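Everything quoted here is computed from the prediction, not taken from an experiment.
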Amino acid sequence: MLHNSARAIDMRLHLHSQTDPRRHEQDGPLIISGGDGVYVRDDAGNRYIEGMAGLWTASLGFNDQRLAAAAAAQFAKLANYHTFNHRSNEPCIDLIEQLAAVSPIPDCRIFLANSGSEANDSMIKLAWYYQAARGKPGKRRIISRNGAFHGSTVMGAVLSGLPHMHRSFGMNIDDILYAGKPHFYSEGREGESEEAFADRLIAELERMILVAGPDTIAAMIAEPVMGAGGVIVPPQGYFPKLRKLLDKHDILLLADEVVCGFGRTGNWFGSQTFDFKPDMFSVAKGLSSGYMPIAAVVVSDALYQSIADEGHRNGVFGHGFTYSGHPVASAVAAEALRIYHEIDVVGRARTLGAQMLAALRNALADHPMVGEVRGVGLLAGLELVADRRTKQGFPAEARVGAQVERACRQRGIILRNMGDVLALCPPYIIEPDQIDELVRALFLAIEDTRESLSL
């Protein structure tokens with residue numbers, strides 16, 4: 001297919017995710033046609049360091065041959081089967097054994113799905129099922145947080161505390177409570193310590209719980225680090241305090257590990273990095289290095305026992321997806337987990353992440369357009385501001401973050417902007433010199449934008 005015809009077809013027929021449709025009709029797509037390690041190539045032959053691992057996903061880069069071979073071998077052996085009605089398959093069993101071995105929840109049970117949105121939806125359904133099983137069907141409400149992102153399905157979008165996820169969809173948010181965003185830089189008060197900020201958030205949440213009634217609340221869902229909400233690293237002590245509060249009021253804690261899982265924060269899971277034990281957690285993205293659509297919910301034994309008893313009383317556990325435990329997706333994910341162990345993803349995230357954050361801070365911490373450089377493990381965010389002293393942001397209509405993102409591409413790197421926050425989440429296979437190249441290009445792209453804005 002010729003470049004121009006492919007572009008025209010996409011502009012004419014494709015309704016893109018998280019995209020301005022009218023702008024797409026004018027500007028068209030960036031068509032990625034190949035990948036090699038941490039690099040991707042567009043259909044015009046331009047090569048980029050992919051500093052976002054695609055969409056927080058491609059942990060092992062873009063053409064890992066072991067993952068390709070695992071998929072090919074499984075396609076040849078058993079390309080499709082389901083896990084309904086007591087059915088299973090060998091790659092699925094291999095995967096859940098490996099996932100259980102690294103799970104921070106001991107004696108867990110694992111439910112397989114196809115995306116982070118499906119996994120988060122499933123956690124909510126499981127929380128409701130558990131509450132009904134223990135004779136508390138009135139515990140229905142879910143606590144989420146302002147700035148959270150939990151997916152684009154109906155429930156995932158309702159849980160997401162981002163206005164654009166709700167606008168014009170007519171979402172019913174009656175049973176959702178939104179707690180404060182745990183972002184010390186933007187939400188902390190003058191003179192307030194990070195720990196005092198965490199205490200205030202927990203006190204505000206407890207007041208919300210008491211007003212709503214603890215007996216009406218089933219669970220709270222939280223990302224260890226907010227991803228799409230701006231790479232928000234929680235304040236010190238926040239999650240242990242949160243766990244204690246929820247236990248006090250008999251409310252489950254569900255961890256959305258879709259971005260944070262599999263080493264990204266410097267431990268296997270973000271809950272380990274921030275020292276809390278969830279009742280359930282969801283994973284996706286890095287589970288297969290993004291090579292196949294697959295996700296999972298890991299459930300504590302205490303919850304499972306109640307859920308299993310209720311399913312037995314009902315005659316069946318009435319939940320599942322056609323492609324849950326798909327053999328090809330499972331084979332790829334199982335191979336990805338083996339590679340993660342072999343390359344020590346936790347160690348790489350800690351070492352390379354420390355280098356990346358140090359390089360970002362050295363290059364940009366004092367830059368007049370950068371208010372904060374933040375991150376943990378191999379995950380970082382930059383907050384762009386018009387005034388560092390007052391933390392005043394740019395007008396939304398100026399689309400400064402989008403301008404920097406475009407300038408990055410002109411400099412040979414791909415990042416993601418969420419408004420005026422720039423996110424970095426490179427593959428684990430990135431090398432130190434490539435990190436230096438990435439940070440240098442980002443600095444120059446910000447300078448290009450600064451010059452264009454005449455700042």
Side-chain angles (χ1 to χ4, degrees), residues 1 31-43 47-83 87-103 110 112-116 118-119 257-259 261-264 268-269 283-296 298 321-349 352 378 414 425-431 434:
M1 184 181 293
I31 301 175
I32 300 300
S33 59
D36 178 18
V38 299
Y39 295 94
V40 293
R41 183 180 64 255
D42 68 22
D43 60 344
R47 192 172 183 237
Y48 311 88
I49 294 179
E50 228 301 357
M52 268 298 293
L55 203 59
W56 328 85
T57 47
S59 306
L60 299 173
F62 294 90
N63 67 334
D64 187 282
Q65 294 307 297
R66 282 179 58 179
L67 299 186
Q74 189 57 44
F75 269 123
K77 183 178 180 182
L78 177 68
N80 169 263
Y81 213 70
H82 64 89
T83 56
R87 307 299 196 270
S88 195
N89 60 78
E90 289 155 335
C92 169
I93 295 167
D94 180 13
L95 173 62
I96 60 175
E97 182 183 34
Q98 289 199 62
L99 186 51
V102 296
S103 167
I110 296 167
L112 293 169
N114 309 293
S115 70
E118 284 185 7
E257 295 267 11
V258 170
V259 168
F262 307 106
R264 184 56 64 178
W268 274 98
F269 297 96
V283 291
K285 295 187 185 293
L287 179 56
S288 68
S289 183
Y291 279 43
M292 292 292 287
I294 190 167
V298 180
F321 304 103
T322 299
Y323 300 109
S324 293
H326 188 282
V328 179
S330 296
V332 172
E335 187 70 2
L337 288 178
R338 279 187 280 272
I339 295 171
Y340 289 159
H341 285 287
E342 291 171 20
I343 68 172
D344 183 17
V345 289
V346 168
R348 287 189 70 85
L352 295 170
L378 196 54
I414 291 177
C425 180
Y428 295 127
I429 61 169
I430 196 168
E431 296 296 340
Q434 293 169 330

Heavy-atom side-chain proximity of [X] to [Y] below 4.5 angstrom:
{"X": "I49", "Y": "Y39", "result": "yes"}
{"X": "H341", "Y": "V102", "result": "yes"}
{"X": "R264", "Y": "S59", "result": "yes"}
{"X": "V283", "Y": "F269", "result": "yes"}
{"X": "I343", "Y": "V345", "result": "yes"}

Test item: [X] side-chain N/O and [Y] main-chain N/O as donor-acceptor pair under 3.5 Å:
{"X": "T83", "Y": "G325", "result": "no"}
{"X": "N89", "Y": "C92", "result": "yes"}
{"X": "Q65", "Y": "N63", "result": "yes"}
{"X": "H326", "Y": "A331", "result": "no"}
{"X": "Y428", "Y": "V346", "result": "no"}
{"X": "Q434", "Y": "I430", "result": "no"}

Could you measure the distance from the [atom1] atom of [X] to the [atom2] atom of [Y]? Nearest 0.5 Å is fine.
{"X": "E90", "Y": "L78", "atom1": "CD", "atom2": "CG", "value": "8.5 Å"}
{"X": "L55", "Y": "E50", "atom1": "CG", "atom2": "CD", "value": "9.0 Å"}
{"X": "L67", "Y": "L60", "atom1": "CG", "atom2": "CG", "value": "5.5 Å"}

* Using salt bridge (Lys or Arg N to Asp or Glu O under 4.0 Å) as the criterion, list what pairs up with E335, not counting sequence neighbours. =>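 With neighbours one apart ignored, the set is R66, R338.
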* Asked: Residues in salt bridge (Lys or Arg N to Asp or Glu O under 4.0 Å) with E431, at least two apart?
  ->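 If we apply the salt bridge (Lys or Arg N to Asp or Glu O under 4.0 Å) test to E431, skipping adjacent residues, the hits are R348.
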What is the minimum heavy-atom distance between [X] and [Y], and which atoms define it?
{"X": "M292", "Y": "V328", "answer": "CE-CG1, 3.8 Å"}
{"X": "P427", "Y": "A58", "answer": "CB-O, 3.3 Å"}
{"X": "T322", "Y": "H82", "answer": "O-CB, 4.0 Å"}
{"X": "A295", "Y": "G116", "answer": "CB-N, 4.1 Å"}
{"X": "A296", "Y": "A119", "answer": "O-CB, 3.8 Å"}
{"X": "A113", "Y": "S324", "answer": "CA-OG, 4.1 Å"}

* Do other residues, nucleotides or ligands put more than 12 heavy atoms under 6.0 Å from Y323 OH? ->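 Not buried by this count: 12 neighbours or fewer within 6.0 Å.
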* **Verdict with supporting geometry, Q98 and D94, side chain to side chain contact (heavy atoms under 4.5 Å, CB included)** => CA-CA 6 Å; Q98 289 199 62; D94 180 13; 3.3 Å; yes
* With sequence neighbours left out, what residues match L95 under side-chain contact (heavy atoms from CB on, under 4.5 Å)? ->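 So L95 forms a side-chain contact (heavy atoms from CB on, under 4.5 Å) with L112, L287, I294, S330, A333, A334, L337.
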* To do: Verify side chain to side chain contact (heavy atoms under 4.5 Å, CB included) between V298 and I110, making sure each step is shown before the conclusion.
  => CA-CA 5 Å; V298 180; I110 296 167; 4.2 Å; yes
* Classify the ring geometry between F262 and W268 as parallel (under 30°), tilted (30 to 60°) or perpendicular (over 60°). =>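 F262 and W268: perpendicular rings.
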